[in-house]
Asker: 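First the structure, then my questions, so here it is.
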Amino acid sequence: MKRMILTWVAAAGALCTVAETAQALPPLRENLLFYAGFENGMDADAAVGEALARHSGTPESIEGVHGSKAYLFRNKGDVISYSAAGNFNPESGTVAMWIRDLDAAPGDRIWNPYFQLAGDGEALYLTRMWQSIEHTGGLWRNNRKIAIGCDLEGLVVRDQGTWHHLALVWRKHILTVYRDGQEAGNVSDVEFVFTAPGETFQVGRPVEAWKNADGFHTGSHMLADAPERAAAMKIGEEPYGAIAIDEVMIFDKPLNAAEIARLAQLPPAEALETASPFDPGKLHTALINSRRMVRVLPSAETLPVPDAAAFAVVRDAAGNPVCEVPISWGGLGAEYTMVDLSSQADGEYRLAAVFRDAVGNLLAATPEVVVALTP
């Protein structure tokens, strides 16, 4: 009996293309649900829902990332809150902002929450996690974390006090975190579905971790289990964890890599008015079982034109076609599709997601992923 092993290596193949016939995406302002630039105070500059801000503590107005204004959250309880109704899309979306950790020394294990939307038993968050020393974002549900993080070990050593652009992008099966315009981590094996979204979202420092977060990742368990160690690590004590936040944006769709990069590189007015080309993204793959079934999922949020269709295309090492499988596409993007390689011989195979119009013309394709079938 053979033992099957699949390995994946990202590889730019001949299929990696975007045709001129693929439609450009609309300017980001058309997908903007909420924007608080803080230049004129705490109220949102643009909001589909309520723009009015409510705050507690003493957030301080300071100089922001583009020479405008930002808010400094120095103490626990320094929080700005907004209504989520109309300003947040639970099914899919993007939260983006500029953050600055001001007084975190290298190696400090600090829970710095930047954004949180807490509901009944669950919370969406974008934060600096004390336990794993990383920027991370995701969903907490009944003390269970569905998240992806990007390691910042060494980052705080190099540039403590520097502004960084963070973005959390989600849809049903894919969660991605970007830092400074670059993808820093993703997961594609999740069911990222809200069951009880909260009524308000917050930026800043709440008095304590949201009730449905687990104490291990926020550090609160240390206060009861090891108070002396908690004191040495400054858990639950002030002063620490002062953070500045600027240019908070929420979109009703998962932005692609080019759109996130533009938010990190350009002033808001320019970034929101520029149209982006269609981005086929990448092809996520996973081995499901020993029968050589490969689960594939394109990361693209939409199809390049309304009547387009997507396919998983497999070629052998010599470039010869092996098989082609239609990819199911729903209102929240692509669904998982299974590619059966059980009848194929050992060797390397190349998988890509391709997008074609109604008459079969190639519109776009992802970079190929190399799959190695071995004994």
Side-chain angles (χ1 to χ4, degrees), residues 34 36 38 42-44 50 52-62 70-85 87-88 90 95-104 108-147 149 166 168 177 194 196-224 230 233-250:
F34 177 90
F38 302 135
M42 297 181 185
D43 290 350
E50 185 178 2
L52 181 66
R54 297 169 177 84
H55 78 278
S56 62
T58 55
E60 303 172 33
S61 180
I62 63 171
Y71 273 98
L72 169 65
F73 304 86
R74 190 182 301 278
N75 303 302
K76 289 186 177 180
D78 290 351
V79 170
I80 305 176
S81 301
Y82 302 92
S83 173
N87 294 328
F88 183 84
V95 173
M97 65 183 64
W98 287 90
I99 64 95
R100 185 181 177 196
D101 293 317
L102 291 169
D103 57 5
D108 278 357
R109 293 174 177 264
I110 293 175
W111 180 65
N112 271 355
Y114 312 118
F115 177 96
Q116 51 274 325
L117 185 149
D120 184 13
E122 65 185 10
L124 179 78
Y125 61 91
L126 186 58
T127 184
R128 170 178 167 161
M129 196 70 74
W130 86 272
Q131 186 270 338
S132 49
I133 316 181
E134 64 181 6
H135 288 137
T136 186
L139 188 68
W140 247 305
R141 183 177 296 127
N142 297 323
N143 295 325
R144 179 176 178 269
K145 187 175 70 162
I146 304 171
L166 294 183
L168 173 65
V177 168
F194 285 86
E199 295 181 355
T200 62
F201 61 88
Q202 301 176 329
V203 295
R205 292 190 54 78
V207 174
E208 59 183 358
W210 41 86
K211 62 182 180 181
N212 43 334
D214 65 278
F216 178 71
H217 287 95
T218 62
S220 61
H221 71 296
M222 298 286 293
L223 296 173
M233 297 172 69
K234 300 190 291 188
I235 296 171
E237 301 293 334
E238 299 289 0
Y240 78 88
I243 54 178
I245 296 175
D246 198 5
E247 306 292 354
V248 180
M249 300 183 185
I250 303 177

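We count residues from 1, following the sequence as given.
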Asker: Given side-chain contact (heavy atoms from CB on, under 4.5 Å), test T127 with Q116 step by step and report yes or no.
Answerer: CA-CA 8 Å; T127 184; Q116 51 274 325; over 6 Å; no
Asker: If you measure from CG on D246 to CE on M97, what distance do you get to the nearest 0.5 Å?
Answerer: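 The CE atom of M97 is 10.5 Å from CG of D246, to the nearest 0.5 Å.
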Asker: About how many Å separate CG of L126 and CG of L166, when rounded to the nearest 0.5 Å?
Answerer: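 L166 atom CG to L126 atom CG measures 5.0 Å (nearest 0.5 Å).
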Asker: Under 3.5 Å, side chain of N87 to main-chain N/O of E50, donor-acceptor pair present?
Answerer: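 Side chain of N87 to backbone of E50, a donor-acceptor pair under 3.5 Å: yes, one is there.
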Asker: Once you round to the nearest 0.5 Å, how far does CD1 of I99 lie from CD1 of I245?
Answerer: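 It is 8.0 Å, given to the nearest 0.5 Å.
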Asker: Would one find more than 12 heavy atoms of other residues, nucleotides or ligands at under 6.0 Å from atom CD of E199?
Answerer: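 Incorrect, the count does not exceed 12.
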Asker: With rounding to the nearest 0.5 angstrom, report the CZ to OH distance, R205 to Y114.
Answerer: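 That separation rounds to 10.0 Å.
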Asker: Apply the test side-chain contact (heavy atoms from CB on, under 4.5 Å) to residues L124 and L168: give CA-CA distance (whole Å), side-chain angles for both, the deciding distance (0.1 Å), then the verdict.
Answerer: CA-CA 10 Å; L124 179 78; L168 173 65; 3.8 Å; yes
Asker: What heavy-atom pair brings F34 and A44 nearest, and what distance separates the two atoms?
Answerer: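 In this case the closest contact between F34 and A44 is CE1-CB, 3.4 Å.
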Asker: Should L117 and V95 count as side-chain neighbours, where that means a heavy-atom distance under 4.5 Å?
Answerer: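 The answer is no; the side chains never approach within 4.5 Å.
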Asker: Classify the angle between the aromatic ring planes of F115 and F88 as parallel (below 30°), tilted (30 to 60°) or perpendicular (above 60°).
Answerer: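 Rings of F115 and F88: parallel, as their planes differ by under 30°.
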Asker: Provide the closest heavy-atom pair for I62 versus A244 in the form atom of the first, atom of the second, distance.
Answerer: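 Closest approach of I62 to A244, heavy atoms only: CD1-CB, 3.8 Å.
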Asker: As a quick check of understanding, evaluate side-chain contact (heavy atoms from CB on, under 4.5 Å) for S61 and Y71, giving each step before the final call.
Answerer: CA-CA 5 Å; S61 180; Y71 273 98; 4.1 Å; yes
Asker: The test is side-chain contact (heavy atoms from CB on, under 4.5 Å); show your working for V248 and Y82 and say whether it passes.
Answerer: CA-CA 12 Å; V248 180; Y82 302 92; over 6 Å; no
Asker: Can you name the one residue among V203, L102, V79 that meets side chain to side chain contact (heavy atoms under 4.5 Å, CB included) with F73?
Answerer: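 Checked V203, L102, V79 against F73; only one passes side chain to side chain contact (heavy atoms under 4.5 Å, CB included): V203.
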Asker: On a heavy-atom basis, which atom in W98 and which in E247 lie closest, and how many Å separate them?
Answerer: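 Result for this residue pair: CD1-CB, 3.7 Å.
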Asker: Can you tell me how far apart CG (D43) and CZ (R54) are? Round to the nearest 0.5 Å.
Answerer: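 Between atom CG of D43 and atom CZ of R54 there are 9.5 Å.
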Asker: State, to 0.1 Å, how close G57 and D78 come at their nearest heavy-atom pair, and which atoms those are.
Answerer: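 Closest pair (atom of G57, atom of D78, distance): CA-OD1, 3.4 Å.
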Asker: Looking at every heavy atom in both A84 and G198, which two are closest together, and how far apart are they?
Answerer: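 That closest heavy-atom pairing would be CB-O, 3.7 Å.
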